[in-house]
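Quick notes on the structure that follows.
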Amino acid sequence: QVQLVESGGGLVQAGGSLRLSCAASGFTFNTSNMGWFRQAPGKEREFVASINRFGTSTFYGDSVKGRFTISRDNAKNMLNLQMNSLKPEDTAVYYCGATFFLNSYFRAADFGSWGQGTQVTVSS
């Protein structure tokens, strides 16, 4: 079955950087769009970034544009999120998601498979 395992979260000061990774298994990785979402306490899961199955199209939430970069390595079944210029409001649990709806990039409800999440905490 689909398995997604995130890593790379941690505690960082404002202005710092982190790189999240998501290892995928149990499915043919290059047949799915992939995305990163985040959820802060008491808030809904929020779209962060997504990428099509070929890695040729990327999409970003307004709050992270210009600071975060999503990428994928289909040969290694890996999804990455480079996060720069981090802000305290980026603090959340970050989830990796997969969707086989190939026109879907933004809605959490369209992503049927999720990892367990990795905590990112940005201190001011």
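Numbers here are sequence positions counted from 1. From a predicted model like this one, the values you see are computed outputs, not experimental measurements.
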What are the two closest non-hydrogen atoms of [X] and [Y], and how far apart are they?
X: N30; Y: R53; answer: O-CB, 3.3 Å
X: L79; Y: C96; answer: CD2-SG, 3.8 Å
X: M78; Y: S21; answer: CE-CB, 3.7 Å
X: N52; Y: N33; answer: CA-OD1, 3.3 Å
X: S32; Y: A98; answer: OG-CB, 4.3 Å
X: P88; Y: S124; answer: CG-CB, 3.8 Å

Check the pair S17 / R67 against side-chain contact (heavy atoms from CB on, under 4.5 Å), numbers first and verdict last. CA-CA 9 Å; S17 298; R67 299 188 298 122; over 6 Å; no
Just checking, R38 and Y95: is the charged tip under 6.0 Å from the six-membered ring centre and within 45° of the axis?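 Verdict for Y95: no cation-pi partner in R38.
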Is it the case that R72 places NZ or CZ above or below the six-membered ring of F29, under 6.0 angstrom from the centre and within 45 degrees of the axis?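 Satisfied, under 6.0 Å and within 45°.
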In one Ile/Leu/Val/Met/Phe/Trp/Tyr side-chain cluster, 4.5 Å: [X], [Y]:
X: F47; Y: W36; value: no
X: V122; Y: L81; value: yes
X: M34; Y: V93; value: no
X: V48; Y: L4; value: yes

How far apart are the C-alpha atoms of T91 and V120, what are their side-chain angles, what is the distance that settles it, and do they pass the side-chain contact (heavy atoms from CB on, under 4.5 Å) test? CA-CA 5 Å; T91 295; V120 171; 5.9 Å; no
Ring center gap for [X] and [Y] short of 6.0 angstrom:
X: F100; Y: F27; value: yes
X: F59; Y: F106; value: yes
X: W114; Y: F37; value: yes

Ignoring hydrogens and angles, tell me if any N or O in the side chain of [X] forms a donor-acceptor pair with the backbone of [Y] under 3.5 Å.
X: Q39; Y: E46; result: no
X: Q3; Y: G26; result: no
X: Y60; Y: I70; result: yes
X: S50; Y: Y105; result: yes
X: T118; Y: G9; result: yes

Decide side-chain contact (heavy atoms from CB on, under 4.5 Å) for V64 and M83; before the verdict, give the C-alpha distance in whole Å, the side-chain angles of both, and the deciding distance to 0.1 Å. CA-CA 9 Å; V64 307; M83 306 188 295; over 6 Å; no
Show, in sequence, the C-alpha distance, side-chain angles and deciding distance for Q116 and E6, and conclude whether the side-chain contact (heavy atoms from CB on, under 4.5 Å) test is met. CA-CA 7 Å; Q116 82 289 347; E6 301 96 336; 3.0 Å; yes
Using a strict 4.0 Å threshold on nitrogen-to-oxygen distance, state whether D110 and R107 make a salt bridge. yes
Straight-line distance of [X] [atom1] to [Y] [atom2], nearest 0.5 Å:
X: N80; Y: L20; atom1: CG; atom2: CG; value: 9.0 Å
X: S123; Y: L11; atom1: OG; atom2: CG; value: 5.0 Å
X: N74; Y: T31; atom1: CG; atom2: OG1; value: 9.5 Å

